[in-house]
Structure formats: C-alpha cells, structure tokens
Amino acid sequence: MAWQKNLHRPYAATALILLLQVAATVAQAQNRVDPSKVSIVSRVPGMERAVVRRDVVFDNSTAPPLAFDVYLPREARAGERRPAIVFVSGAERVREWRWFVTWGQLAAAHGIVAVVPDKRYPRGFDGLRTGFEDTEKLLAHLRANGERLGIDPLRICLWTFSAGGRLTAVGLKAGAQAVTCVVVFYGVVDLAQEFSTVTDEKQRATLLRQYSPLHALEAAAGAGAKLPPIMIARAGKDAPFINAGIDAFTAAALRLNVPLTVVNYADGDHGFDGLNDTPQSRAIIQAALQFVMDNTARR
C-alpha cells in the first residue's frame, strides 16, 4: 500500500525508540540469563521425552524459508488430533533457544502440541508488517495442514511474549476465527504511542486498525464478534510503557465485557518465566497452561 511507503519520519523515529526500549528491557533481562541457553523455570518429569518434528516449512517464498518445530505429547496416538499452542516470541528465529525448546517440551508434557515458528521480525515498521504477515501465514498453514501434524485446527491458542505481543491482533481480528484462545506474557499490546507521530490521521487510523491489538479488541467487540478468551500475565517490574499498554488493554477488555483473565506478578521481571525461579513464576506458568487446556477442551 502507498501509505506503507510514505510513513512520516517522526513515526519511524518513535517506533525505533519504542523498540529500543523493548530491546533495552530484554537486554537487562539477558544480563541475568541468556534465553538461547537458559530453560524456563517450570519443569515436570519426562518433559524431555516430547516427540519433536523439526524444520516444517510453511513459507518457501523467503530466503531462507520460514519453518517451525512441533513438540508432540509422547503418548499421542497416530491419527489423534490435539490442541496446539503457537508460541510467538519477540525475536525472529528462536527455534534453537532453550527458552522455547523447554516451553515446547512443557506444553507437550501437558498433552498439548507446541509450535515454535520462525518469522521475519526486524526492528521498525517493516518488522511489524512482515511479522504480522508471517504469523497469519503460519495460522493459515496450521488450519489447512494441522491434522497431518497431530493438531486439531479448531483448537489453537496464540501465545505471545514481549515484543511479540505487537502481533497479538492476528488472533483478535473480527471474523478471523483464527484461534480458540490467546495468552500474552509481558507483551506490547497498545501501539498508540508507537504510531503517535504519524500526523496524517487517516494514515494513523489505518495503521491502528491493521496492527494494534487494543484496536483489534475494540473493533471486534464493537462489531459484535465473539472474541476468544484472553489471558494476560503482567510483570510488575516491567518497563512502564509495556505495563501502561497492558493496563489500557485490560481496561478496554473489562469495559467491553471480553472474557479476560489477568495475573499481575507484582515482583516479576520482564521474562519472569525464565528469570524468576520462584513459586509465583511456576504458578503463573501452570495457570496459563491450564487456561489453554480449559479453553481448548472439546465441547
């Protein structure tokens, strides 16, 4: 679209500043742990025995192709279709990160198929656009081909983390019928500040309508669409702008009577699921997995 090529420079600067703030928040966390090498803090016996199918390509149009890894419950039988979680990180290619390997294993140990995908997600507007497109392509692929992977295409949860929260709208758009439920861990879910310096009001409205999770929530509810149940885990010690966005999103969801579960870990850091080895972190992880199981159960 033409507006994509003519974004005002102030918008680009603001978007970069916000993304740098996210990067700084993540960098502070990474000073304590390296997510490529560190596991999440919750474990259950036998989770390492998940059956893993690696390098499943869902888009050959990019170089290199975009692929995902699938973690299947060990006890899954041939022909069985299980609910699935799509884990959407704040980075591009995280399939080898121990953080997401152990998330995949843990989900599989709870009887859920886990999908850990690639996406094109560089900093800036182009990353938002391509990340959004790639997540949509992935969900479309799973709806069309999920049964071959042991996935029930009608029972998929979109689970976003950190800057990956900017892509939450993929699962909230009115009429998309893309996912059964949504989980957000310490995610960026309000893009109003990111688009605040776009001076053309029509252009700004178009951006918000297309990409903002908060706008997608309000638009879908306003259109009378049935929104999937949403769970948000908020880290009390997170960057103020991330929590301000979560607070705005939560307030809108409550005002619109959207099915919402909010957990506030007051002493939690950004990335608490790998940083804070505490009973609170483990309880939130377990509650989130239970939320998925409850909302993807066969009716």
Would [X] and [Y] count as having a side-chain donor-acceptor pair, cut-off 3.5 Å?
X	Y	value
Q290	H110	no
T296	T180	no
R129	Y121	no
D34	W99	no

[Y] and [X], any side-chain heavy atoms less than 4.5 Å apart:
X	Y	answer
V183	C157	yes
S212	E218	no
V52	Q105	no
I246	T250	yes
L207	L191	no
D152	R298	yes
Y186	Y265	no
E48	R74	no

Which is it for D277 and R282 under the salt bridge (Lys or Arg N to Asp or Glu O under 4.0 Å) test, yes or no, and what are the steps along the way? CA-CA 8 Å; D277 191 1; R282 290 188 287 276; 2.4 Å; yes

Any ion pair linking [Y] and [X] (charged N to carboxylate O, less than 4.0 Å)?
X	Y	answer
R82	E75	yes
K237	D269	no
R204	E194	no
D69	R53	no
R120	D126	no

[X] side chain to [Y] backbone, donor-acceptor under 3.5 Å:
X	Y	result
R98	E96	no
S281	F272	yes
S162	G164	no
K119	A91	yes
T168	G165	yes
D118	A67	yes
T102	I40	yes
R234	G187	no

Between [X] and [Y], is there a shared hydrophobic cluster once you connect ILVMFWY residues whose side-chain heavy atoms come closer than 4.5 Å?
X	Y	answer
L256	L254	yes
V86	V51	yes
V44	V292	yes
L72	L154	no

Which of parallel (below 30°), tilted (30 to 60°) and perpendicular (above 60°) describes W159 and F161? parallel

Indicate the ring-plane relationship of Y211 and F125, choosing parallel, tilted or perpendicular according to the 30° and 60° boundaries. perpendicular

Kindly compute the distance separating [atom1] ([X]) from [atom2] ([Y]), expressed to the nearest 0.5 Å.
X	Y	atom1	atom2	value
D59	K137	CG	NZ	4.0 Å
R93	F100	CZ	CZ	15.0 Å
E147	I151	CD	CD1	10.5 Å
Q280	N264	CD	CG	12.0 Å
R81	L149	CZ	CG	9.0 Å
I85	L158	CD1	CG	10.5 Å

Shortest non-hydrogen contact from [X] toward [Y]:
X	Y	value
C181	P228	CA-CB, 3.8 Å
P213	L172	O-CD1, 3.8 Å
V113	P73	CG2-CD, 4.0 Å
A248	L214	O-CD1, 4.0 Å
S196	Q193	OG-O, 2.9 Å
F249	L217	O-CD2, 3.8 Å

Does the ring-ring contact (aromatic ring centres under 6.0 Å, His included) test come out yes or no for F185 and F87, once each step is laid out? CA-CA 11 Å; F185 267 29; F87 289 117; 9.1 Å; no

Test log, rule side chain to side chain contact (heavy atoms under 4.5 Å, CB included), inputs L128 and L167: CA-CA 8 Å; L128 177 59; L167 306 177; 4.0 Å; yes

Before giving the answer on side chain to side chain contact (heavy atoms under 4.5 Å, CB included), spell out for R166 and V189 the whole-Å C-alpha distance, their side-chain angles and the decisive distance to 0.1 Å. CA-CA 6 Å; R166 298 162 79 226; V189 288; over 6 Å; no

Determine, stepwise, if the pair T261 / I232 fulfils side chain to side chain contact (heavy atoms under 4.5 Å, CB included). CA-CA 6 Å; T261 300; I232 294 182; over 6 Å; no

Residue from V170, L66, L139, V88 passing side chain to side chain contact (heavy atoms under 4.5 Å, CB included) with D134: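 Looking at V170, L66, L139, V88, the match for D134 under the side chain to side chain contact (heavy atoms under 4.5 Å, CB included) is L66.
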
